[in-house]
*Asks:* 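Structure below; questions to follow.
When reading the values below, keep in mind they use all heavy atoms of this one structure, side chains included, and skip hydrogens, waters and symmetry mates. Note on naming: letters A, B, ... go to the chains in the order of the sequence lines (proteins, then strands), and numbering restarts at 1 for each one. What you see is a predicted model; the values in this text were computed from it and never measured.
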Number of protein chains: 4
Amino acid sequence: MTEQARRAQIVGAAIETVAELGYAATSFKQIATRAGLSSTGLISYHFKGKQELVDEVYAEVLRRYADFVMGFLDRSDTVAGELRAFLVANLRFMRAHRSHTVALMQVRPHVSVRGRDEDHRRMADLLREGQRSGEFREFDADTMAIFVLALRNGVLARAAEDEALDLDLCERELLTLVERATARAHQPPG
Amino acid sequence: MTEQARRAQIVGAAIETVAELGYAATSFKQIATRAGLSSTGLISYHFKGKQELVDEVYAEVLRRYADFVMGFLDRSDTVAGELRAFLVANLRFMRAHRSHTVALMQVRPHVSVRGRDEDHRRMADLLREGQRSGEFREFDADTMAIFVLALRNGVLARAAEDEALDLDLCERELLTLVERATARAHQPPG
Amino acid sequence: MTEQARRAQIVGAAIETVAELGYAATSFKQIATRAGLSSTGLISYHFKGKQELVDEVYAEVLRRYADFVMGFLDRSDTVAGELRAFLVANLRFMRAHRSHTVALMQVRPHVSVRGRDEDHRRMADLLREGQRSGEFREFDADTMAIFVLALRNGVLARAAEDEALDLDLCERELLTLVERATARAHQPPG
Amino acid sequence: MTEQARRAQIVGAAIETVAELGYAATSFKQIATRAGLSSTGLISYHFKGKQELVDEVYAEVLRRYADFVMGFLDRSDTVAGELRAFLVANLRFMRAHRSHTVALMQVRPHVSVRGRDEDHRRMADLLREGQRSGEFREFDADTMAIFVLALRNGVLARAAEDEALDLDLCERELLTLVERATARAHQPPG
DNA sequence: GATGAATGAGGCTTCATTCAT
DNA sequence: TATGAATGAAGCCTCATTCAT
């Protein structure tokens with residue numbers, strides 16, 4: 001088995017484990033079991049330490065997430081449309097890759113990698129672009145980025161806890177909210 | 001030293017420790033050291049187990065938080081005002097009791113006590129009241145409650161990570177956002 | 001409260017505790033609770049150490065046991081009769097003072113006091129007396145003493161485990177057995 | 001070193017330790033020291049918990065015991081002969097495997113495995129068979145089984161305490177006693 | 001004498017990591 | 001590479017005992 005394949009397999013098992021048991025209960029033994037490995041030693045062999053594995057898990061989930069979201073963004077030509085697409089994509093990702101999403105939320109606080117702020121920077125840039133284009137009203141883009149991501153995170157966290165949450169409803173309400181929050185003038189429906 | 005005082009001291013040390021090192025790195029030994037205790041046995045003597053201490057930490061922070069927020073809510077007579085006061089109070093609490101807030105966010109996922117959803121229920125009720133009174137537009141109150149609390153949590157989380165965050169700016173922007181999100185008709189400024 | 005009364009109270013609580021929870025689960029805290037004491041310190045104050053308490057428990061149960069058995073022995077004028085009375089007394093003691101008996105069996109292995117062999121010596125002496133008087137056949141009295149006490153202990157142990165054991169049946173069968181084991185010639189019934 | 005070998009080694013060390021120090025003083029540290037292990041963690045590595053080790057110790061001793069006793073039972077064709085063989089085997093086992101016997105008596109009260117009563121059931125069955133075959137007199141077989149096993153246990157316990165006990169003498173006397181206790185009619189010697 | 005908090009040793013267990021094979 | 005036993009640190013918890021009040 002190739003090095004890369006092994007790492008991927010281990011990372012995959014780690015994601016499953018974290019999603020299922022939560023970060024605290026995720027030990028090398030659990031991961032090894034789920035990966036069908038006969039020894040935790042193999043994990044240490046392929047990863048310098050637990051931290052590297054955790055970071056890799058985070059990166060892998062983020063990669064999948066980015067791929068998924070990307071597919072939604074391409075189709076819109078306005079900034080507001082892109083923002084809507086981003087939000088929709090996030091909620092759809094939750095449905096399509098529940099365990100990845102759950103793992104993401106569990107693992108995030110334990111990630112060492114700097115670059116967690118990249119999300120924020122990109123969002124702030126997008127918002128600024130919308131302001132330049134005249135679609136968005138005046139607001140502090142960095143602050144609004146915090147808000148938008150907070151909404152995303154909060155909904156995902158809630159969905160992670162409550163499997164019965166109506167994500168369609170959430171999506172509609174969220175789009176309405178964000179539009180009201182950002183639009184230059186409020187558009188009365190119809 | 002009286003039992004109650006000791007418990008309070010230990011809870012205090014635990015809060016400090018969690019705020020400083022994060023939940024994962026918070027061991028009885030760390031807490032004992034910070035509290036000036038001679039052994040971890042003393043913690044077990046005063047608390048039935050780690051879970052009881054964790055729950056107590058959560059309860060204590062929540063108590064302080066509730067007291068603090070209460071002081072802000074009394075003065076408003078409209079529901080919208082109460083909602084604003086709630087948000088303001090939360091951000092001010094972060095400033096006044098930073099370590100408590102950080103500890104709260106760290107500890108929340110590990111609390112056993114049921115009643116974590118109470119926050120959500122109360123917020124949803126408040127929002128419904130605003131709808132009945134005509135102050136708020138039509139929206140799904142439960143979903144909007146998720147949004148409002150997500151915003152609150154997201155801002156606090158951000159503030160916990162980034163000590164330099166401008167909370168005044170956040171406050172202003174947040175109030176604006178929430179008003180736009182909930183108001184029956186958008187009020188153009190001025 | 002007088003010193004002696006306190007000690008007696010603690011010993012009594014210890015007996016209850018051991019009978020109820022078994023030796024391994026008997027801690028000072030359990031004993032203190034059962035005695036209505038508010039501190040385990042009081043136990044350490046009245047007893048030099050756990051060993052002294054254990055020994056005292058053993059001695060106390062033995063004292064009661066001896067008193068009880070004594071009442072049965074007086075009435076017989078033959079050695080065989082005394083032996084029978086001893087056995088009957090033991091089984092009756094089990095019924096009358098179940099928890100004391102159970103405590104006795106639990107505590108015996110942990111007693112430091114030498115004098116556990118006294119039982120054996122007395123039994124051997126009794127048996128020798130029966131041999132001298134011509135009631136008993138020839139056998140090694142020390143070995144037979146082991147047997148008789150083993151039978152006694154085994155029945156008590158069984159009764160301790162199985163509350164439904166028919167002690168009347170046991171008594172009849174035991175007397176028959178011991179008579180056959182010791183009698184000079186087997187007496188056909190009737 | 002193979003898993004099975006390590007487990008066997010640990011069980012062996014545990015048997016030694018229990019035989020030497022008694023159950024109460026048998027800690028993982030003691031066992032590890034005696035087994036030449038570098039840490040108690042290794043014991044937990046090979047056994048799920050203390051209970052599993054205790055049960056394994058019990059099972060191992062019982063296995064050896066059963067093997068040993070088996071060799072004695074085959075040769076007899078009468079039930080009385082089988083009963084005698086059983087008793088002889090038990091006493092010989094004590095001599096041949098002293099520490100195992102002592103460990104057995106120490107560990108028995110702490111074993112979780114159900115099947116401790118199997119001994120009793122088998123003995124009662126054997127006795128009933130002897131009654132059906134006409135070798136044994138009328139008695140309650142369950143009660144007599146208690147007696148026979150009590151005698152066995154009592155002698156072993158005594159032998160465990162007193163290394164100087166004359167087991168040959170015990171054997172002869174025990175056989176005589178049991179024969180008198182069970183035989184249809186007392187056979188006068190010679 | 002009595003209280004109850006404090007002590008500190010010791011117990012079992014989990015875990016990431018190392019290492020010989 | 002892979003295995004899986006071994007390591008050793010660290011964690012939580014229990015307990016008898018001590019001590020100031």
Side-chain angles (χ1 to χ4, degrees), chain A residues 1-3 5-6 24-32 36-54, chain B residues 1-7 9-10 24-32 35-53, chain C residues 1-3 5-6 24-32 36-54, chain D residues 1-7 9-10 24-32 35-53:
Chain A
M1 201 168 196
T2 166
E3 157 87 26
R6 254 301 183 239
T26 296
S27 65
F28 276 18
K29 188 174 269 177
Q30 284 289 344
I31 297 171
L37 307 179
S38 45
S39 167
T40 64
L42 195 57
I43 299 177
S44 288
Y45 178 79
H46 285 284
F47 296 87
K48 210 180 65 185
K50 191 181 190 182
Q51 191 59 60
E52 187 180 311
L53 174 56
V54 166
Chain B
M1 201 169 196
T2 171
E3 157 93 31
Q4 204 177 356
R6 218 13 141 198
R7 279 179 71 104
Q9 183 203 8
I10 293 170
T26 297
S27 65
F28 276 17
K29 187 173 270 178
Q30 282 290 342
I31 297 171
L37 309 178
S38 60
S39 93
T40 67
L42 192 57
I43 299 177
S44 291
Y45 176 78
H46 286 284
F47 296 87
K48 211 177 64 185
K50 191 182 189 179
Q51 192 60 61
E52 186 179 310
L53 175 55
Chain C
M1 204 173 197
T2 165
E3 157 87 26
R6 254 301 181 238
T26 296
S27 64
F28 276 19
K29 188 175 271 179
Q30 283 288 343
I31 297 171
L37 306 178
S38 44
S39 166
T40 65
L42 196 57
I43 300 177
S44 289
Y45 178 79
H46 285 284
F47 295 87
K48 208 178 67 184
K50 192 182 190 182
Q51 192 58 60
E52 186 179 312
L53 174 56
V54 166
Chain D
M1 200 170 198
T2 171
E3 156 93 30
Q4 204 177 355
R6 217 16 140 200
R7 278 180 70 103
Q9 184 203 9
I10 293 170
T26 297
S27 65
F28 276 17
K29 186 173 270 178
Q30 282 289 341
I31 297 171
L37 308 179
S38 61
S39 93
T40 66
L42 193 56
I43 299 177
S44 291
Y45 176 77
H46 286 284
F47 296 87
K48 211 178 63 185
K50 190 181 190 180
Q51 191 60 60
E52 186 179 311
L53 175 55

*Asks:* Between C:H46 and C:E3, which heavy-atom pair has the shortest distance, and what is it?
*Replies:*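 What the structure gives for the nearest pair is ND1-OE1, 3.4 Å.
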*Asks:* Does B:G41 or D:Q30 map to a spot on DNA chain E nearer the 5' end, using the closest nucleotide for each?
*Replies:*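 Counting from the 5' end, the first nearest nucleotide belongs to B:G41.
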*Asks:* Provide, to the nearest angstrom, the distance between the CD1 atom belonging to B:I43 and the P atom belonging to E:dA6.
*Replies:*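 To the nearest whole Å, that distance equals 12 Å.
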*Asks:* Return the value, rounded to whole Å, for the distance between atom CZ of A:F28 and atom P of F:dT3.
*Replies:*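 In whole Å, F:dT3 P lies 16 Å from A:F28 CZ.
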*Asks:* Report yes if at least one side-chain N or O of B:R6 is closer than 4.0 Å to OP1 or OP2 of E:dA6; otherwise report no.
*Replies:*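 For B:R6, the contact criterion (side-chain N or O under 4.0 Å from OP1 or OP2 of E:dA6) is met.
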*Asks:* Would you indicate whether C:K50, at its atom NZ, is surrounded by more than 12 heavy atoms from other residues, nucleotides or ligands within a distance under 6.0 Å?
*Replies:*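 Yes, because the 6.0 Å sphere around NZ of C:K50 holds more than 12 heavy atoms from other groups.
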*Asks:* E:dT14 C1' sits how many Å from A:K50 NZ, rounded?
*Replies:*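 Value for this atom pair: 11 Å.
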*Asks:* Report yes if at least one side-chain N or O of A:S38 is closer than 4.0 Å to OP1 or OP2 of F:dT3; otherwise report no.
*Replies:*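 Affirmative; the distance criterion is met.
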*Asks:* Counting only side-chain heavy atoms from C-beta out, which of E:dA2, E:dA16, F:dA16 sits nearest to C:S27?
*Replies:*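 It is F:dA16.
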*Asks:* Starting at the 5' end of DNA chain F and moving along, which residue's nearest nucleotide shows up first, B:K48 or C:F47?
*Replies:*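 The residue closer to the strand's 5' end, by nearest nucleotide, is B:K48.
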*Asks:* With a 3.5 Å cut-off and just heavy-atom distances, do the side chain of D:Y45 and the base of F:dA5 make a donor-acceptor pair?
*Replies:*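 Present.
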*Asks:* To the nearest angstrom, how far is C:I31 atom CD1 from F:dA16 atom P?
*Replies:*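 Those two atoms, CD1 and P, are 8 Å apart.
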*Asks:* D:L37 CG to E:dC12 P: how many Å, rounded?
*Replies:*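 Rounded to the whole Å, the gap is 14 Å.
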*Asks:* Hey, which of these two, C:E3 or B:M1, hits DNA chain E nearer its 5' end, going by closest nucleotide?
*Replies:*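 Counting from the 5' end, the first nearest nucleotide belongs to C:E3.
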*Asks:* Specify the closest pair of heavy atoms between B:I10 and B:F47, including all atoms of both residues, with the distance to one decimal.
*Replies:*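 In terms of heavy atoms, the two residues are closest at CG2-CE1, 3.7 Å.
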*Asks:* CG of B:L53 versus C1' of F:dC13: gap in Å, rounded?
*Replies:*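 After rounding, the reported distance stands at 13 Å.
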*Asks:* Could you check whether B:Q9 and B:R6, counting side-chain N and O atoms only, form a donor-acceptor pair closer than 3.5 Å?
*Replies:*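 Their side chains do contain a donor-acceptor pair, which is all the 3.5 Å distance test asks for.
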*Asks:* Which nucleotide, in any strand shown, forms a Watson-Crick or G-U wobble pair with F:dT14, with both distances under 3.5 Å?
*Replies:*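 Pair assignment: F:dT14 / E:dA9.
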*Asks:* Which of these nucleotides, E:dT17, E:dA5, E:dG8, is closest to any side-chain atom of A:T40?
*Replies:*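 Comparing E:dT17, E:dA5, E:dG8 against the side chain of A:T40, the answer is E:dT17.
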*Asks:* Please determine, for the side chain of A:L42, which listed nucleotide (F:dG8, F:dC13, F:dA2) has the closest atom?
*Replies:*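 Of the candidates, F:dA2 comes closest.
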*Asks:* Looking for any heavy atom pair under 4.0 Å, which part of the strands does C:S44 touch: base, sugar-phosphate only, or nothing?
*Replies:*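 C:S44: base contact, heavy atoms under 4.0 Å.
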*Asks:* Just the rounded figure in Å: distance from C1' of F:dC15 to CD of C:Q51.
*Replies:*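 That distance rounds to 16 Å.
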*Asks:* Provide the closest heavy-atom pair for C:L53 versus C:I43 in the form atom of the first, atom of the second, distance.
*Replies:*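 Nearest pair, atom of C:L53 first, then C:I43: CD2-CG2, 4.0 Å.
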*Asks:* Find the distance A:K29:NZ to E:dT14:C1' and express it as a whole number of Å.
*Replies:*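 In whole Å, E:dT14 C1' lies 8 Å from A:K29 NZ.
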